[in-house]
Every structure is written in C-alpha cells, then in structure tokens.
2 protein chains.
Amino acid sequence: MRTSNIPKERAKKLEFYKSIGLKLTPQRLAILEYLENNTEHPSAEDIYSALKERFPSMSFATIYNTLEVLIKKGLVKELGLDSSKKRFDPFTHPHHHFVCKGCGKILDVESRFEIFIPEDLSDCMVEDFQVVFSGLCPECKEKE
Amino acid sequence: MRTSNIPKERAKKLEFYKSIGLKLTPQRLAILEYLENNTEHPSAEDIYSALKERFPSMSFATIYNTLEVLIKKGLVKELGLDSSKKRFDPFTHPHHHFVCKGCGKILDVESRFEIFIPEDLSDCMVEDFQVVFSGLCPECKEKE
DNA sequence: CTCTTTAATTAGATTTTATTTTAGTTTAAA
DNA sequence: TTTAAACTAAAATAAAATCTAATTAAAGAG
C-alpha cells in the first residue's frame, strides 16, 4: 500500500508545483528532489555538485535561477549564517540552528523558545527571529 | 575633573593593550580606537575606509592582521550574520542582534533571554547562543 | 639616547570563490 | 505547432581575503 501511494503522491506534488506556476523541467525536478527533506542547508555549489553526475550539462545559472524562483514562491529560505556563501533551507517553518565552529556544519533545532520582542527594537518592524547556537558538532568534538 | 581623567584612562588602556602583548603602532591604536564603542559591526572594508583619511598609506593587510590578533586576544568577535563578508564586533559579552532585511544593518540587542540547551543538541558541545531577530530597521520601515 | 632585534606596515599583485551575465539553444506546456 | 520560459557554456564580474618582498618603526637592552 505504501508503494502504491508513491506515484500518487508524486503526481500530487507535481500538480502542486505546477499550480504555483513552476514550469517543470527535469533540472528543476532534480533540484526540488534534492532539496526535499534535505537538512544540510546546502549552498548553490553543493546542489550543483550533487546533481552534476545526473546532469553533466547542468549550469550554475540554472541553480541560481531556480533558487530565486523557489525563494520567491516561499518554498525555500535563504540562510544568513555563513559569512562566505549563501546557504538554502527547504524547511521554511520557523526553527532554529546550531552552527559548528569546527566544520561549519549547520544543524536544525526544532525546539520552541519563548522570546519577547525586546525594547531595543521597539522602532523596528521585527518579522522573525531565530536562536543560533554555536559550538562543536559531535564529530568535531571528538577530534579535539 | 572629567577631562583631567582622560589622559589617565588612556594611559591605562595603552598599558592594558601592552600587557596582553600588543605592539602599539599608530595604525593599531587607530583601529582600536575606531572599534571602541563601535556598534556598527563594521567589516574590514568599513574599517579601512574610515581610517583611510587619517592613514592614507594604510593597507588591508594591516587591517586583517590586526583583526586576527584582536580576535586571538579575545578583544573582538567575528560575526557570521552577513553572508557576503565578515563583520566584527568589539563587544564580546554575550548579546543578541537584529539584522535589517532592507539595508543589512545589524543592531545590538542587550536583553536577556532564558534559553535551554535543546535535546537536538545533546551530542554537541554547545558553547554559545544568540538570538537573531530580523525585519526592517526604522529607516527601512519608513521607506516601504 | 642609540642600537638592535623583531614585528608590523606597505603597495600592489594575486588568489579565491560566489554570483551574474550573455547569447544561443532547447523544451515544457498550452 | 507555437512560444515563452528555461537551459547551457563560458565568460565576466565583483568583492573579500591573502600573500609577498621590501621598508619602517616599536620596544627593550645597553
């Protein structure tokens, strides 16, 4: 029963992508598929490398164009946690992150935190917040 | 009385810088002075531009070398909130930030938040955390 | 105060790497 | 079939960060 649902779910998903105005090219589908459930917060380069094998002709322009569209559609969020490149997150619900000082890896944190909007920001329009933890991930902790 | 203390305080500060092993060159003092009480979270470029007039011969190497030393000494922290360049913060005590989505400005938030270390990170060595707010600063809010 | 040593500074080139552009080609969808 | 949109390859851009070799200057010793 599980297996028989897969094509149906897939079709539904494609339908959804179409419904929001995405022209479905194989490259786009590959990017979407790569991002789906991806918790690595990949960079454009990461996506490119990952798909290079399947699409040897893939161009960076395609990656960047597609990401731009996905961001505009609200399906992907751009992360500002890496001071050398943009990284992208397909999980757009509010959540938090841990940044490893050793390897730069970014982990998701799904806990809820009670945060009040501080007085310092009373003149700002605060739209969002996230808690950013930092330290060493399990692997880098070992190496120390 | 206030004024008469200033040279003394200055001397004390120089003494302190020396005591931690900083060779005090005019350029370094200028960088230190520029950073002192600076809440703009400047980039290397910002520092360079700001001091260019007073030190027309200033080199980027000096900026980067000095920043490296200051970071090593714990007098400055590197911020990872801007995905295009490193920015630096002379306030090394734990505090939080607001990032303007409009102009990229970073504001300090001094409030205290009660944050527990989430289970997701039980295998990590969590050394630090900060709350990052985002939205529009007063100026960008106006422009909308 | 002068000398010596050691570290810092300089100018400018270079590297690096992310991202954007371009112009021609291909293709999804109606 | 048509056409607007997407794709490609490669070059261009852009900007941050690093490196180099020669020069200068701070700090400590005498």
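Below, chains carry the letters A, B, ... as their sequence lines are ordered, and counting in each starts from 1.
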Just by distance, no angles: are the side chains of B:Asp46 and B:His41 close enough, under 3.5 Å, to form a donor-acceptor pair?
no
Nucleotide D:dA26, atom P - distance to CD of B:Glu15 in whole Å:
17 Å
For C:dT19, does either OP1 or OP2 sit under 4.0 Å from a side-chain N or O belonging to A:Tyr64?
yes
Would you indicate which nucleotide in C:dT9, C:dT20, D:dC7 comes nearest to any side-chain atom of B:Thr62?
C:dT9
Side-chain donor-acceptor contact under 3.5 Å, A:Gln130 with A:His97:
yes
Comparing nearest nucleotides in DNA chain C, the 5'-proximal residue of the pair A:Leu22, A:Phe60 is A:Phe60
Short of 4.0 Å, heavy atom to strand atom, which residues of residues 49-58 of chain B count as contacting DNA chain C?
B:Ser57, B:Met58
Rounding to an integer number of Å, can you tell me how far B:Asn65 CG sits from D:dT18 P?
10 Å
Candidate pair A:Lys72 and A:Glu68, rule salt bridge (Lys or Arg N to Asp or Glu O under 4.0 Å), full reasoning
CA-CA 6 Å; A:Lys72 207 169 288 169; A:Glu68 190 186 338; 3.7 Å; yes
In whole Å, I'd like the distance from the OH atom of B:Tyr17 to the P atom of C:dA8.
16 Å
Only pairs at least two apart or in different chains count here, so list each side chain to side chain donor-acceptor pair (under 3.5 Å) that has a residue in residues 50-64 of chain B.
B:Tyr48-B:Lys52
DNA chain D contacts among residues 68-85 of chain A, heavy-atom distance under 4.0 Å
none
Non-hydrogen side-chain atoms of A:Glu78 and A:Ile71 separated by less than 4.5 Å
yes
Please state how far atom CZ in A:Arg87 lies from atom P in C:dT17, giving the value in whole angstrom units.
16 Å
Consider the side chain of A:Ala61, meaning its heavy atoms from C-beta on, and name the nucleotide among D:dC7, C:dG12, C:dT21 that approaches it most closely.
C:dT21
Rounded to whole Å, please give me the gap between NZ in A:Lys86 and P in D:dA16.
14 Å
Whole-Å distance between D:dC7 P and A:Tyr48 OH?
14 Å
Below 30° counts as parallel, above 60° as perpendicular, anything between as tilted: where do the rings of A:His95 and A:Phe91 land?
perpendicular
So side chain to side chain donor-acceptor pair (under 3.5 Å) across residues 114-124 of chain B, not counting sequence neighbours, yields none
Is a side-chain N or O of B:Arg28 found less than 3.5 angstrom from the main chain of B:Lys23, in a donor-acceptor match?
yes
Side-chain cluster (under 4.5 Å, hydrophobic types only) that B:Ile117 belongs to, other residues:
A:Phe98, A:Leu107, A:Val109, A:Phe113, A:Ile115, A:Phe116, A:Ile117, A:Leu121, A:Val126, A:Phe129, A:Val131, A:Phe133, B:Phe98, B:Leu107, B:Val109, B:Phe113, B:Ile115, B:Phe116, B:Leu121, B:Val126, B:Phe129, B:Val131, B:Phe133
Establish, from distance only, whether the side-chain atoms of A:Glu15 and A:Ser19 form a donor-acceptor pair under 3.5 Å.
no
With side-chain hydrogen bond (donor to acceptor under 3.5 Å, both in side chains) as the criterion, how do B:His96 and B:Asp108 come out once you've worked through the C-alpha distance, each side chain's angles and the decisive distance to 0.1 Å?
CA-CA 6 Å; B:His96 310 284; B:Asp108 287 314; over 6 Å; no
In this structure, how many angstroms lie between the P atom of D:dT18 and the CD atom of B:Glu45, rounded?
15 Å
NZ of B:Lys141: more than 12 outside heavy atoms within 6.0 angstrom?
yes
Expected list for residues 23-31 of chain B near DNA chain C, using heavy atoms below 4.0 Å, is B:Lys23, B:Thr25, B:Gln27, B:Arg28
Rounded to whole angstroms, how far apart are CD1 on B:Ile63 and P on C:dA8?
15 Å
Quick check: on DNA chain D, is the nucleotide nearest B:Lys18 upstream (toward 5') of the one nearest B:Ala44, or the reverse? Name the residue that is more 5'.
B:Ala44
